[in-house]
Amino acid sequence: MVKVEFLGPIGKSPVEVDASTLSELAEILKKDPEVAQWLEQSAVAVNDTMVESLDVKLKCGDKVSLLPPVCGG
Amino acid sequence: MVKVEFLGPIGKSPVEVDASTLSELAEILKKDPEVAQWLEQSAVAVNDTMVESLDVKLKCGDKVSLLPPVCGG
Amino acid sequence: MVLIYNGPIDVQSLLSSWYSAEHNRNYGAMVTFVGTVREEAGIEALSFDIYRPLLDKWFEGWKRRLEKEGALLAMAHSEGDVPVHTSSFACAIFSPKRRIALEMLDAFVEDFKANAPIWKYDVINGKRIYAKERSTPMAGSGLLAKD
Amino acid sequence: MVLIYNGPIDVQSLLSSWYSAEHNRNYGAMVTFVGTVREEAGIEALSFDIYRPLLDKWFEGWKRRLEKEGALLAMAHSEGDVPVHTSSFACAIFSPKRRIALEMLDAFVEDFKANAPIWKYDVINGKRIYAKERSTPMAGSGLLAKD
């Protein structure tokens, strides 16, 4: 199982999901309307490292973070 | 008479000079070897306003300042 | 590591402590940036969420980049509510010569705005409203929306 | 007017006083630059001469230029001796938005170096030596050397 965190304004509690790649995770998240609307604008980190490819492999215990648009300062 | 000030490292006391234009003043200052060496590198202010033309008229009581290369900070 | 304040930054003591820690280490230039909450559009405060693990990673990357130029970077940010006219962000760069400090301050602050994992909310009548229009998608956004 | 210190600037109280005077006037960004004397080439201190009437004129010109952008400028400089690891120059710009502040800080500091009527000396074994090689002729130099 992979832990998915929804950061900042997404405002949803973390979920545990069964997925072995980011591609698979994407398919699962697209089915949740509360989350789906954020996917277009969100960046992704796996174990606190930013990733830019759907081919990234996931293993049990990994943490995936969804990062919506930011504005510090 | 015009008062001429030599600022910063020129280190010369002010002098009173009889000149009615900056051109005339330049001819006088070129004859003072202590000052002449600074002329190439110095900017000029008349009554605390920077000037860029030798045609500037001078009248009695005017203050001319010679400003050698600067380095603040 | 980024210094995190719960609420507004005490700017006066922060800048003092940065200066006093570094002025005798032979840096010729210190530049600082301080961001203060403006009174506009009826807000009482701004409020911030921070994802600390990634903020620290992003910051350490910048710190190393500046170290290669012989420069030192420090940063503080607020979490939670920051009332109007108080400050939520401060940074300082120390470098031997001025050029690096001036250029890097600009580059760092702009990248901070675009890529630091911090989320901003307007606080109006005690309610926290995501500042969506002023927010920027981070580099690589939309990955999970691809077909 | 430029704040003139006889000897080193008390940077901590200066930055504190600038921040506390302006943070509640709805400026969203404060940027500062502080110049500190580096230990190098065996100097004990730097020493400065200032021609105040022209320094103030030059500064007021910059102040007006920044006012047109809705920004505020403050500056301090030392006269006389400033020992190694103490500071001789400080400035701050306050503006509603960050871009003006960041751009103007760079432009102001560079013009300061080229055109502020201040002369620098190295102090070595108690002797004051004009820093000729690091100095820049002001705009319009050489007028009186023309034929």
Side-chain angles (χ1 to χ4, degrees), chain C residues 8-41 43 46 70 82-113 134, chain D residues 8-41 43 46 70 82-113 134:
Chain C
I9 295 172
D10 181 347
V11 172
Q12 303 187 41
S13 58
L14 181 64
L15 295 184
S16 283
S17 72
W18 280 340
Y19 178 78
S20 75
E22 304 304 337
H23 74 93
N24 57 359
R25 302 211 183 169
N26 228 25
Y27 294 113
M30 171 175 88
V31 292
T32 70
F33 181 98
V34 175
T36 299
V37 178
R38 299 188 70 204
E39 185 173 3
E40 58 186 351
I43 66 163
L46 293 177
V82 182
V84 155
H85 298 159
T86 64
S87 300
S88 54
F89 172 51
C91 67
I93 295 173
F94 297 82
S95 76
K97 302 282 185 179
R98 72 181 183 281
R99 197 90 293 281
I100 291 292
L102 288 165
E103 281 166 17
M104 289 294 116
L105 182 68
D106 195 321
F108 174 72
V109 170
E110 291 302 322
D111 190 53
F112 162 77
K113 284 280 173 183
R134 282 123 71 203
Chain D
I9 294 172
D10 180 346
V11 172
Q12 303 188 40
S13 57
L14 181 64
L15 296 185
S16 283
S17 71
W18 280 340
Y19 177 79
S20 75
E22 305 305 336
H23 74 94
N24 58 357
R25 301 212 183 170
N26 228 26
Y27 294 113
M30 171 175 89
V31 293
T32 69
F33 182 98
V34 175
T36 299
V37 178
R38 300 187 69 204
E39 186 173 3
E40 58 187 351
I43 65 163
L46 293 177
V82 182
V84 154
H85 298 159
T86 63
S87 300
S88 53
F89 172 51
C91 67
I93 296 174
F94 297 83
S95 76
K97 301 281 185 181
R98 71 181 183 281
R99 197 92 292 279
I100 291 291
L102 289 165
E103 280 167 19
M104 290 294 117
L105 183 68
D106 194 322
F108 174 73
V109 170
E110 290 303 322
D111 189 53
F112 162 77
K113 284 282 172 182
R134 281 123 71 204

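We name chains A, B, ... by the order of the sequence lines, and we start the count at 1 in each one.
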Check: Who among C:Asn26, C:Leu102, C:Asn24 has the most heavy-atom pairs with chain D under 4.5 Å?
Finding: C:Asn26

Next item on the list: Can you measure from CG (C:Leu105) to OG1 (D:Thr32) and round to the nearest 0.5 angstrom?
Entry: 8.5 Å

Check: Salt bridge check: are D:Arg98 and C:Asp106 linked by an N-O gap of less than 4.0 Å?
Finding: no

Notebook entry, point to check: So, for D:Val34 and C:Tyr19, which heavy atoms are closest and what is the spacing to 0.1 Å?
Noted result: CG1-CE1, 4.0 Å

Next item on the list: Name the member of D:Ala92, D:Pro96, D:Gly35 that forms the most heavy-atom pairs with chain C at distances under 4.5 Å.
Entry: D:Pro96

Margin query: Is C:Phe89 in contact with chain D via its backbone, its side chain, both, or neither, using a 4.5 Å heavy-atom distance?
Written below: neither

Notebook entry, point to check: What residue in C:His23, C:Arg38, C:Met30 has the most heavy-atom pairs under 4.5 Å with chain D?
Noted result: C:Arg38

Margin query: Is C:Phe33 in contact with chain D via its backbone, its side chain, both, or neither, using a 4.5 Å heavy-atom distance?
Written below: both

Next item on the list: May I ask you to decide whether D:Glu39 forms a salt bridge with C:Arg25, counting only side-chain N to carboxylate O separations under 4.0 Å?
Entry: no

Margin query: Can you tell me which portion of C:Ser13 sits under 4.5 Å from chain D's heavy atoms? Options are side chain, backbone, both or neither.
Written below: neither

Notebook entry, point to check: Is there side-chain contact between C:Arg99 and D:Glu110, with at least one heavy-atom pair below 4.5 Å?
Noted result: yes

